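One structure below.
This one's a predicted model, so the numbers in the text were calculated from it and none came from an experiment. Note: hydrogens, waters and symmetry copies are ignored here, and every other heavy atom, side chains too, is used. Numbers for residues simply follow the sequence, beginning at 1.
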Amino acid sequence: SSGINAEWPLRPGGTSDKGDPVDDVNIRHFRHVLVFLGGLQGLEPAIESDESLKETDPRTLFDYYLNTCPNQGSRTIRTEEALMITLTGLRKQLSDNGMD
């Protein structure tokens, strides 16, 4: 069971090429950050395949549904690349909110 809504004290953020551009989102104050990256097919199929989830819309599962690589030139980005791109894209907002 994923327990995204039921067990966690906060809803995490998800990344997708269908999400809101990271530069257009103001991430409010937080204590902890948890970011979900999709697999080869993306975040949406991973959510849809989890039978324990009643909701399959990423916008309702996550506080933030972000596109951390707007205007990407390819359909897929390798996970290790996506992680570095995402952390770089979030760096300023994380620093501004007290995480160094």
Side-chain angles (χ1 to χ4, degrees):
S1 158
S2 63
I4 288 176
N5 286 329
E7 299 169 19
W8 294 355
L10 55 96
R11 294 186 322 188
T15 65
S16 170
D17 61 333
K18 296 168 187 67
D20 300 318
V22 68
D23 293 334
D24 295 348
V25 176
N26 183 18
I27 298 177
R28 64 182 179 270
H29 186 70
F30 54 85
R31 284 189 74 178
H32 305 283
V33 174
L34 181 62
V35 178
F36 281 81
L37 304 172
L40 184 61
Q41 305 250 314
L43 184 62
E44 296 78 10
I47 292 170
E48 290 170 9
S49 70
D50 188 337
E51 295 176 6
S52 69
L53 291 175
K54 293 179 180 152
E55 180 61 59
T56 58
D57 180 0
R59 292 188 185 278
T60 60
L61 289 174
F62 302 114
D63 282 337
Y64 302 99
Y65 182 51
L66 302 172
N67 180 349
T68 58
C69 190
N71 305 313
Q72 72 188 49
S74 64
R75 170 64 187 111
T76 60
I77 298 175
R78 293 177 18 203
T79 302
E80 58 271 24
E81 295 168 337
L83 178 60
M84 297 307 291
I85 290 167
T86 298
L87 291 175
T88 300
L90 292 172
R91 184 177 181 272
K92 179 163 177 26
Q93 292 205 40
L94 297 179
S95 296
D96 289 349
N97 285 295
M99 288 193 73
D100 294 319

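Contact annotation: the side chain of N67 never approaches that of V22 to less than 4.5 Å [non-hydrogen atoms, C-beta and beyond]. Looking at heavy atoms from C-beta onward, L43 lies in side-chain contact with F36 at the 4.5 angstrom threshold. No side-chain heavy atom of T60 sits under 4.5 Å from any side-chain heavy atom of Y65.
The CZ atom of R78 sits 12.5 Å away from atom CG of L83, with the distance rounded to the nearest 0.5 Å. Atom-to-atom distance recorded for T79:OG1 and L37:CG is 6.5 Å, nearest 0.5 angstrom. Here E44 contributes atom CD and S49 contributes atom OG; the two are 11.5 Å apart, rounded to the nearest 0.5 Å. In this structure, CG in D57 is found 10.0 Å from CD in E48, a value given to the nearest 0.5 Å.
Within a 6.0 Å sphere centred on CD of E80, heavy atoms belonging to other residues, nucleotides or ligands number more than 12.
L66 pairs with exactly one of D24, D23, V35, L90 by the side chain to side chain contact (heavy atoms under 4.5 Å, CB included) rule, that one being L90.
Grouping Ile, Leu, Val, Met, Phe, Trp and Tyr residues whose side-chain heavy atoms lie under 4.5 Å apart, directly or via other members, places I85 in a hydrophobic cluster with I77.
Shortest non-hydrogen contact noted between P70 and T68 is CD-C, 3.5 Å. When all heavy atoms of Y64 and I27 are compared, the pair lying nearest together is OH-CA, 3.6 Å. Of all heavy-atom pairs spanning K18 and R59, the tightest one is O-NH2, 3.2 Å.
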Before giving the answer on side chain to side chain contact (heavy atoms under 4.5 Å, CB included), spell out for F62 and I47 the whole-Å C-alpha distance, their side-chain angles and the decisive distance to 0.1 Å.
CA-CA 11 Å; F62 302 114; I47 292 170; 3.8 Å; yes
Show the numbers, then the answer: is there a side chain to side chain contact (heavy atoms under 4.5 Å, CB included) between N26 and Q93?
CA-CA 8 Å; N26 183 18; Q93 292 205 40; 4.3 Å; yes
